[in-house]
Amino acid sequence: RYIRIVGTHNTVNKIFHIVAFECMFTNKTFTLEKGLIVPMENVATIADCASVIEGVSRSRNALLNGDTKNYDWDSGYTCHQLGSGAIVVQLAQPYMIGSIRLLLWDCDDRSYSYYIEVSTNQQQWTMVADRTKVSCKSWQSVTFERQPASFIRIVGTHNTANEVFHCVHFECPEQQSSQKEDNSEESGTGDPGLAGPQLDPHALQAPGGSSLPSSPGSVSRSPNRQHQ
């Protein structure tokens, strides 16, 4: 019946500002653990207000749009340079999460290595998957002890083809019903004689994410391609 919002700090002045406020309810039952929702459905979606806050892609929401079929050498994936940065997903709120599913870019025979960490504040991180010494391809299922998480960080550590880590799809918790039918047979193809997906290193350094990764089908591209 009553909701009170009390501002306690403003880095600029002594006033607390609110632009919009919404209050909603649901008739659906849900499970709480340690005061947090234990989601059954994928909460890493645009509809659930999740977002990719770190990583480079031609389409801002490619990782979370649920499309596991329409990706190729040029689009449909999110990436980061190995040894620099990561792919970070922010959920709308902390949830009790115990599983994750990824689709690694698989339009050729390459393999990747990576690890995954979760956090509620982007300060303290807990590793929930260490696959730095494993050759990983296509769909990846990750299960771990259920814990609070509002940030998920995926860090690629190796790619047998080049120096970039590419991820097509992310979901948490893992959705068993949509399992492996969306595999690479439906994926786009490219010239097997080329090096495969590559990322222009300059794109990662551009402010605001305005630059785009170079076309994965090309070995080299202009380092200054900008968002059209």
Exercise: identify the closest heavy-atom pair between [X] and [Y]:
| X | Y | value |
| --- | --- | --- |
| K69 | D67 | N-OD1, 3.0 Å |
| V142 | A129 | CG1-CB, 3.5 Å |
| Y112 | W105 | CE1-O, 3.4 Å |
| P173 | V43 | CD-N, 4.4 Å |
| C107 | D72 | SG-CA, 4.2 Å |
| S135 | S111 | CB-OG, 3.8 Å |

Going by heavy atoms in the side chains, are [X] and [Y] under 4.5 Å from each other?
| X | Y | result |
| --- | --- | --- |
| F30 | V38 | no |
| S99 | S141 | no |
| V56 | Q81 | no |
| V52 | S57 | no |
| F170 | I152 | yes |
| V89 | C172 | no |
| L103 | S138 | yes |
| E171 | T68 | no |

Tell me whether [X] contacts the main-chain N or O of [Y] through its side chain, where contact means a donor paired with an acceptor under 3.5 Å.
| X | Y | result |
| --- | --- | --- |
| T160 | R110 | no |
| D48 | A50 | no |
| Q122 | T120 | no |
| Q90 | S51 | no |
| N159 | V164 | yes |
| Q147 | Y95 | no |

Problem - Y71 and D106: side chain donor to acceptor below 3.5 Å - result: yes
Exercise for the section: Kindly check if the number of other-residue, nucleotide or ligand heavy atoms within 6.0 Å of CD (Q93) is above 12? Expected result: yes
Problem - Heavy atoms from other residues, nucleotides or ligands near CZ of F21 exceed 12 (cutoff 6.0 Å) - result: yes
Exercise for the section: Anything under 30° is parallel, anything over 60° is perpendicular, the rest tilted; go ahead and classify H80 against F165. Expected result: tilted
Exercise for the section: Carefully, step by step, assess L102 and Y114 under the rule side-chain contact (heavy atoms from CB on, under 4.5 Å). Expected result: CA-CA 11 Å; L102 311 173; Y114 65 92; 3.9 Å; yes
Report the distance from atom [atom1] of [X] to atom [atom2] of [Y], rounding to the nearest 0.5 Å.
| X | Y | atom1 | atom2 | value |
| --- | --- | --- | --- | --- |
| I100 | N42 | CD1 | CG | 10.5 Å |
| I116 | R153 | CD1 | CZ | 12.0 Å |
| T78 | E54 | OG1 | CD | 12.0 Å |
| M127 | F144 | CE | CZ | 13.0 Å |
| C79 | R58 | SG | CZ | 9.5 Å |
| S119 | W125 | OG | CH2 | 5.0 Å |

Practice task
Start with the C-alpha distance between L104 and V168, add both sets of side-chain angles, then the distance that settles side-chain contact (heavy atoms from CB on, under 4.5 Å), and finish with yes or no.
Solution key: CA-CA 6 Å; L104 303 180; V168 172; over 6 Å; no
Connected via hydrophobic side-chain network under 4.5 Å: [X] and [Y]:
| X | Y | value |
| --- | --- | --- |
| L64 | I87 | yes |
| I37 | L91 | yes |
| V88 | I97 | no |
| V118 | L36 | no |
| I18 | I3 | yes |

Practice task
Quick one: do K28 and E41 satisfy side-chain contact (heavy atoms from CB on, under 4.5 Å)? Show the steps, please.
Solution key: CA-CA 12 Å; K28 293 194 296 185; E41 298 178 350; 4.3 Å; yes
Completion exercise
Which of R101, R131, H169 passes side chain to side chain donor-acceptor pair (under 3.5 Å) with Q140? It is R131
